[in-house]
Amino acid sequence: MSDIRSTESLRSLLAMLQWQVDLGVDETIAPAAQDWRIAWAAADTDRAGQMTADTDTVRTVSRRAPPVVAVVPDRPAATPLLAEPVAQVTPDLRAVDTLAALAESLRTFDGCTLKYSATNLVFADGNPNSGVMLIGEAPGEDEDRQGRPFVGPSGRLLDRMLTGIGLDRATVYITNILPWRPPGNRSPTQAEISACLPFLERHITLVAPRLIVSLGGTAAKTLLGRHEGVTRLRGRHYEYSLQGDARTVPVLVTFHPAYLLRSPARKRDAWLDMILLKRLLSERLP
Ligand code: URA
C-alpha cells in the first residue's frame, strides 16, 4: 500500500515538475531549498496515523503545511527575494561617470529581483567608442551564463546581419533594456523595465552614441515611448533625447533577431533596415 502511495507521490511530483518546466521555470527562487519528498512522506505518515480517527481530522491534517526541511540558504537571509519586485526609489546616478562605475552600481542595486534569479549581470559588449549603440530586450540563457549580450542563436544572427554591412563587435556597442535574464526568457514586466531604466538612460548618456539601433519592440517602446509595433516603426528613424542634455540621437528600429529566427520571411525587411543603418552611418559617422 505504501509502495503504491509513494509511486503515486513520485508520479505527481514529476508531473508538477514537468508542468513547471513547460511554463519555463528553470530556477528555484525560494531562499531555502525544500525537500518535498521528505515533507510529503511526513504528511503521509501523519495522515495514516489520523486515519484511525474521524474523517474531519483527516481533512484538517491533509491541509497542514508540510515541514520545511534542510536549509542552507544560497543567499543571505536578508536578500529581498520575495519582496517587491522593483525599486520604490529612483536611483540617483548623476555622479556615476564611467561605464565601469555604472556596471558596479547595477551590481549593488537591489531594486529589481531579476538579479536574484539570474546567474550573471549582462552589462554590454563591443566598443563603447564606436558611435553605434544596439539595444536589445533582455539576456537569454546563453547570455546569462556568459555575462555577455547576444551570444546565443539570436546573437549569431545579429553578427551575420552586422557583417553584411561591414560591422562587427569592434565597430558597434551592444546592451539590453534589462541587464538580467527574466526566468524562462519570459517577457520583461513594465515594473522591471521601469526599475532598470535609469541605468539604461545613464548608460546611453555615458556612451553618447551617434546612432542607436533598437532591436525589437520592447526596446523601441521603452526608448521612444511609442506603442506601435516594430512593423509600423521600422524603415525610418526617430530622435532620442539624452538625459540632462539638449542633444538628440537618431534611433533606428528593426526586428529583434530572435523574432527573425521565428519569422524568416521578415529577413528581407531586416536587410533593408541594415542598408538604412549603413546609409545613416555614412551620413552621421563619416
Ligand atoms: N535577446 C536579447 O534581447 N538580448 C540578448 O542579449 C540576447 C537575446
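Counting starts at 1 for both ligands and their atoms, following the listed order. Since we're looking at a predicted model, the values are computed, not measured.
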Check ion pair Asp159-Arg156 (N to O, under 4.0 angstrom): no

Residue list, side chain to side chain donor-acceptor pair (under 3.5 Å) with Ser154, at least two apart or on another chain: none

Aromatic ring pairing His256/Phe150, orientation class (parallel under 30°, perpendicular over 60°, tilted between): tilted

Set of salt bridge (charged side-chain N to carboxylate O under 4.0 Å, His left out) partners for Arg145, sequence neighbours left out: Glu141, Asp142

Residues in side chain to side chain donor-acceptor pair (under 3.5 Å) contact with Ser105, at least two apart in sequence or another chain: none

Geometric class of the Trp180/Phe109 ring pair [parallel <30°, tilted 30-60°, perpendicular >60°]: parallel

Which protein N or O atoms sit under 3.5 Å from any N or O of ligand 1? Give each pair with its distance.
from	atom 1	to	atom 2	distance (Å)
ligand 1	1 (N)	Ala138	O	3.4
ligand 1	1 (N)	His256	NE2	3.2
ligand 1	3 (O)	Glu137	N	2.8
ligand 1	3 (O)	Ala138	N	3.3
ligand 1	3 (O)	Ala138	O	3.4
ligand 1	3 (O)	Asn176	OD1	3.4
ligand 1	3 (O)	His256	NE2	2.7
ligand 1	4 (N)	Ala138	O	3.1
ligand 1	4 (N)	Asn176	OD1	2.8
ligand 1	4 (N)	Asn176	ND2	3.4
ligand 1	6 (O)	Phe150	N	2.9
ligand 1	6 (O)	Asn176	ND2	2.9

